[in-house]
Amino acid sequence: MTSTAICGSDLHMYSGGMPQLKPMVMGHEFMGIVEEMGSNISHLQKGDRVVVPFPIACGCCYFCQHDLPSGCENSNTDHYGPEGGILTEKGGGMFGYTDLYGGYNGGQAQYVRVPYANFGPRKVPDILTDEQVLFLTDIFPTGYTGVMWGELKGGESVVIFGAGPVGSMAVKSAILHNAGKIIVIDTLPYRLEQIRKLTGCEVILWQDAKQTVEQIRDLTDGRGADLCIDAVGFEPERNLLDKAKAVLNFEKGSVKVLEACFSAVRRGGTVSVLGVYPVNYDNFTLGQIFDKGLTIKAGQAPVHAIVDKLLKYVETGQVKLDDIITHRLALDEVAKGYEIFHKKEDNCVKVVLDPWK
């Protein structure tokens with residue numbers, strides 16, 4: 001490993017939202033230098049610099065062949081299945097993300113083993129630094145996927161809930177897709193100010209759902225946005241009433257951000273769900289979804305299918321990824337990194353770790 005980062009999804013395990021009973025090396029955003037190879041690896045050699053997509057995919061099964069590597073049929077042998085249950089029949093494997101997704105050790109370490117390396121790792125040009133390409137592992141493909149699902153033609157309005165790392169990458173991706181108006185929602189002024197300075201997008205400080213939706217409609221001719229992206233997931237900031245409801249319904253977290261997306265998007269619009277939702281939720285607003293004729297797309301990013309295209313964006317200077325980094329720490333300071341990222345201290349947006357510092 002030469003560089004690794006802490007992701008918002010890592011916080012799900014850190015906070016206990018995604019339980020993991022056995023020890024596991026965390027981290028699915030990492031890159032490094034090839035030290036050893038299996039006998040079937042022909043496109044890499046020792047010394048190559050590579051970035052590694054966070055899903056683990058074989059490249060040969062039905063889903064890998066249909067650009068859905070997160071549904072790989074072979075990388076999660078103990079817990080894979082078609083149902084998509086809460087504790088059973090999950091999707092393909094992922095680095096450092098619980099035994100439910102294969103139990104693979106992640107990259108917040110000095111070395112990592114990469115299964116199916118004939119399909120996953122991508123070589124990095126020497127002219128690019130680690131920080132320029134590190135986020136090709138997850139957050140840039142994830143943010144890009146949310147916009148890609150919206151099938152923008154140019155000129156549309158895009159609303160992104162969450163100004164964290166994935167939300168920031170969704171803003172950059174909306175710019176690449178020539179969105180006409182980009183609005184970002186968050187509860188933290190410092191994160192909104194950073195993304196506004198970096199991209200020039202409009203920002204709204206979340207006070208409550210009703211007020212936020214009204215502001216969005218005011219900015220979109222009363223109709224709502226063409227595309228809303230949930231880059232928050234099941235662990236938004238919550239009050240005591242939200243928490244009590246979750247306990248009564250045996251739920252984890254809240255769907256308050258997703259509900260705001262359904263209200264803020266226009267009729268016939270699209271909602272992209274990038275934030276993680278690990279369980280089922282009560283009072284899901286199916287009637288509203290039907291009445292408005294919404295399209296909902298959700299899930300893990302198909303990183304393998306788009307990473308080469310995204311690397312070209314970086315190589316040609318069409319997008320800059322490393323400007324969201326706020327903290328650079330040694331790997332042995334990882335506990336500090338998790339603490340400030342989790343508590344959103346010291347204006348933290350993104351932590352990058354050096355395994356050898």
Side-chain angles (χ1 to χ4, degrees), residues 53 55 62-71 84 91 135-136 138-163 165-185 195 199-202 213 216-217 219-233 257-277 285-286 288-314 316 318-319 321:
Y62 174 89
F63 291 106
C64 288
Q65 290 294 304
H66 287 79
D67 291 337
L68 286 170
S70 61
F135 302 145
L136 289 166
D138 177 6
I139 58 171
F140 183 32
T142 297
Y144 188 91
T145 295
V147 177
M148 179 178 70
W149 283 339
E151 299 181 354
L152 305 187
K153 304 295 188 294
E156 292 89 349
S157 55
V158 179
V159 170
I160 298 160
F161 287 81
V166 169
S168 299
M169 293 299 165
V171 175
K172 293 172 183 285
S173 300
I175 293 170
L176 289 172
H177 282 81
N178 300 311
K181 184 187 292 289
I182 304 171
I183 305 166
V184 182
I185 320 297
I195 195 61
T199 66
C201 64
E202 299 186 52
V213 171
I216 292 168
R217 290 175 181 162
L219 292 169
T220 54
D221 299 321
R223 291 188 297 271
D226 297 296
L227 169 65
C228 282
I229 297 175
D230 177 353
V232 179
V257 172
L258 189 54
E259 290 172 343
C261 287
F262 295 153
S263 292
V265 71
R266 66 164 172 82
R267 291 182 176 276
T270 298
V271 175
S272 293
V273 187
L274 303 179
V276 172
Y277 289 94
T285 57
L286 182 58
Q288 182 187 34
I289 294 166
F290 179 84
D291 185 78
K292 295 182 72 169
L294 303 183
T295 297
I296 302 171
K297 297 190 176 183
Q300 304 289 354
V303 181
H304 300 69
I306 60 176
V307 66
D308 298 315
K309 176 181 181 180
L310 302 189
L311 177 57
K312 290 295 182 183
Y313 282 134
V314 177
T316 57
Q318 292 176 264
V319 67
L321 307 183

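Both backbone and side-chain heavy atoms feed into the values below; hydrogens, waters and symmetry mates do not. Each residue takes its place number in the sequence, starting with 1.
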- Message: As an exercise, state the distance from CG of Leu286 to CG of Asp291, rounded to the nearest 0.5 Å.
- Response: 11.0 Å
- To the nearest 0.5 angstrom, please state how far the CD1 atom of Ile229 sits from the CE atom of Met169. 13.5 Å
- Exactly one of Val159, Val171, Thr199 clears side-chain contact (heavy atoms from CB on, under 4.5 Å) with Val184, and that residue is Val171
- Message: Contact between Val319 and Val314 at the side-chain level, heavy atoms closer than 4.5 Å - yes or no?
- Response: yes
- Side-chain touch Leu227/Ser157, heavy atoms, less than 4.5 angstrom: no
- Message: Whether the side chain of Lys292 engages the backbone of Val265 through a donor-acceptor N/O pair (distance < 3.5 Å, no angle test) should be reported.
- Response: yes
- Please determine, by modelled atom types, if Gln300 and Thr145 share a side-chain donor-acceptor pair under 3.5 angstrom. no
- Value for CD1 (Ile306) from OH (Tyr313), rounded to nearest 0.5 Å, stands at 10.0 Å
- Does a side-chain heavy-atom distance below 4.5 Å link Arg266 with Asp226? yes
- Task: For residues Ala179 and Val158, report the shortest heavy-atom separation together with the two atoms involved.
- Result: CB-CG2, 3.9 Å
- Looking only at non-hydrogen atoms, find the nearest pair between Ala163 and Ser168 and report the distance. O-OG, 3.5 Å
- Task: Write down the atom of Ile160, the atom of Ala231, and the distance for their closest heavy-atom approach.
- Result: CG2-CB, 4.5 Å
- Task: For residues Ser173 and Phe140, determine if any side-chain heavy atom of one lies less than 4.5 Å from a side-chain heavy atom of the other.
- Result: yes
- Does any N or O in the side chain of Glu156 come within less than 3.5 Å of the main-chain N or O of Gly154, such that one atom is a donor and the other an acceptor? yes
- Query: Can you name the nearest heavy-atom pair linking Ala170 to Val147, along with the distance?
  - Reply: O-CG2, 3.5 Å
- Item | From Lys153 atom NZ to Asn178 atom CG, the distance as rounded to the nearest 0.5 Å | 12.5 Å
- Note on the structure: Rounded to the nearest 0.5 angstrom, the CG-CD distance for Leu176 and Gln318 is 6.5 Å
- Task: Mind checking the CZ-OG spacing from Phe161 to Ser272? Nearest 0.5 Å is all I need.
- Result: 12.5 Å
- Is any side-chain heavy atom of Val271 less than 4.5 Å from a side-chain heavy atom of Thr295? no
- Note on the structure: Of all heavy-atom pairs linking Ser70 and Pro55, the shortest is CA-CB, 4.3 Å
- Item | Contact check, side chains of Arg267 and Arg223, non-hydrogen atoms, under 4.5 Å | no
- Measure the shortest side-chain to side-chain distance between Ile216 and Ile185 over non-hydrogen atoms and say whether it is less than 4.5 angstrom. yes
- Message: Can you give me the closest heavy-atom contact between Thr270 and Gly150, atom names plus distance?
- Response: CG2-CA, 4.3 Å
- Message: Whether the side chain of Arg217 engages the backbone of Ser263 through a donor-acceptor N/O pair (distance < 3.5 Å, no angle test) should be reported.
- Response: yes
- Message: Please determine whether a side-chain nitrogen of the Lys or Arg among Lys297 and Glu151 lies less than 4.0 Å from a carboxylate oxygen of the Asp or Glu.
- Response: yes
- Taking the side chain as C-beta and beyond, is there a heavy-atom pair between Leu274 and Asp230 under 4.5 Å? no
- Query: Are side-chain N/O atoms of Lys309 and Tyr144 paired as donor and acceptor at under 3.5 Å?
  - Reply: yes
